[in-house]
Amino acid sequence: MTIRVIIVDDQAMVRAGFAALLSAQSDIDVVGEAPDGRRGVEAARSAHPDVVLMDVRMPELDGLAAAREILRPPAGVTHRPKVLMLTTFDVDDYVYEALRAGASGFLLKDAPPADLIAAVRVVAAGEALLAPSVTRRLIADFAASRPAPRRDTTALRLNGLTPRETEVLELIARGLSNQEIARSLVLAEQTVKTHIGRVLAKLDLRDRAQAVVFAYESGLVTPGTA
């Protein structure tokens with residue numbers, strides 16, 4: 001199956017470079033580009049991409065607001081692509097908000113070309129792109145300045161998890177990979193994947209990105225402990 005992609009970035013050379021790289025892949029088709037968030041939303045509505053590569057800072061409408069519009073469409077709009085944020089460390093707070101809005105992950109704009117190609121495939125397949133090492137940095141950066149987590153109905157949803165599933169969720173939120181979780185809990189990696197699937201299903205979460213946000217907002221993981 002060919003992955004349909006649009007690229008939303010206010011730098012023409014960035015768009016051209018990403019488009020050339022992705023179009024060279026036999027399973028990826030770049031079906032649109034946009035220089036700002038507003039036109040990015042329009043392109044997503046008309047081109048029906050599978051994945052939107054979305055820069056964070058742009059004129060007219062920034063990437064965060066554009067991601068919200070794409071992922072929370074008005075009545076009558078049924079197509080919702082995956083959104084992959086393009087970022088640098090100085091805008092981590094925006095990325096956190098994008099994850100809350102439903103973005104499937106983020107990629108550093110200076111990442112190697114192979115990482116961009118892999119990221120598009122991962123997100124298109126329905127997985128979240130949260131590289132463990134980058135997740136740790138992201139968590140460390142925003143945790144200190146986050147307001148106190150909401151411990152109301154969000155926290156109550158944790159009661160539906162088994163003790164082992166709760167452990168797995170906590171380790172996801174701390175930025176551990178499946179392999180690291182397996183080593184930490186002395187489990188097979190396939191068993192960890194099974195636990196993660198059950199956690200997502202029970203909490204009605206789409207992917208690993210939402211699991212990280214949920215863990216913070218429920219108070220399972222608190223600022224300063226990641």
Side-chain angles (χ1 to χ4, degrees), residues 51 71 82-85 87 89 92-108 111-112 114-226:
V51 177
L71 295 167
K82 308 294 184 182
V83 174
L84 176 60
M85 305 301 296
T87 185
F89 278 133
D92 279 345
D93 193 59
Y94 288 94
V95 174
Y96 175 73
E97 294 301 328
L99 294 178
R100 292 185 64 190
S104 292
F106 62 94
L107 185 72
L108 298 181
D115 287 2
L116 174 63
I117 296 168
V120 168
R121 290 170 176 156
V122 166
V123 170
E127 299 294 331
L129 185 76
L130 281 175
S133 60
V134 180
T135 303
R136 293 187 190 108
R137 173 69 179 270
L138 176 64
I139 290 171
D141 284 350
F142 77 66
S145 60
R146 279 294 122 199
R150 301 199 308 264
R151 300 173 186 271
D152 44 19
T153 57
T154 304
L156 291 176
R157 289 163 64 190
L158 286 171
N159 294 337
L161 301 182
T162 67
R164 178 63 83 192
E165 289 164 354
T166 302
E167 286 181 302
V168 169
L169 175 59
E170 181 179 352
L171 294 178
I172 290 173
R174 294 182 190 282
L176 272 66
S177 67
N178 288 359
Q179 288 183 335
E180 291 169 330
I181 294 173
R183 287 197 297 269
S184 176
L185 300 180
V186 194
L187 297 172
E189 190 172 348
Q190 184 57 49
T191 302
V192 170
K193 291 180 180 178
T194 299
H195 283 311
I196 292 174
R198 288 173 179 165
V199 168
L200 297 181
K202 287 183 177 182
L203 298 178
D204 192 26
L205 303 174
R206 187 187 60 252
D207 53 35
R208 202 182 192 99
Q210 287 194 335
V212 172
V213 173
F214 179 91
Y216 269 88
E217 300 220 321
S218 67
L220 178 64
V221 177
T222 56
T225 64

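It should be emphasised that the depicted structure is a prediction, and the values quoted were computed from it without experimental measurement.
To the nearest 0.5 angstrom, Glu180 atom CD is 13.5 Å from Arg174 atom CZ. In this structure, OG1 on Thr166 lies 4.5 Å from CG on Leu161, to the nearest 0.5 angstrom. Asn178 contributes atom CG, which lies 11.0 Å from atom CZ of Arg183 (distance to the nearest 0.5 angstrom). With rounding to the nearest 0.5 Å, the separation of CZ in Arg198 from OG1 in Thr162 is 8.0 Å. Put simply, CG on Leu169 and NZ on Lys202 are 12.0 Å apart, with the number rounded to the nearest 0.5 Å. With rounding to the nearest 0.5 Å, the separation of CD in Glu189 from OG1 in Thr191 is 10.0 Å.
In terms of heavy atoms, Leu171 sits closest to Ser184 at CD1-OG, 3.9 Å. For the residue pair Leu200 and Ala211, the shortest heavy atom distance occurs at CD2-CB, 4.1 Å. Minimum heavy-atom separation, Ala103 to Met85: CB-CG, 4.0 Å. Here the shortest heavy-atom pairing between Glu170 and Leu220 reads N-CD2, 3.8 Å. The two residues Glu165 and Gly160 come nearest to each other via the heavy atoms OE1-O, 4.4 Å. Between Val212 and Ala173, the shortest heavy-atom distance links the atoms CG2-CA, 4.1 Å.
Ile196 pairs in a side chain to side chain contact (heavy atoms under 4.5 Å, CB included) with only one of the listed residues (Thr194, Val192, Val199), which is Val192. Screening Val83, Leu84, Leu107 for a side chain to side chain contact (heavy atoms under 4.5 Å, CB included) with Val123, the sole residue that qualifies is Leu84.
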- prompt: How far apart are the C-alpha atoms of Arg164 and Leu187, what are their side-chain angles, what is the distance that settles it, and do they pass the side chain to side chain contact (heavy atoms under 4.5 Å, CB included) test?
  reply: CA-CA 11 Å; Arg164 178 63 83 192; Leu187 297 172; 4.1 Å; yes
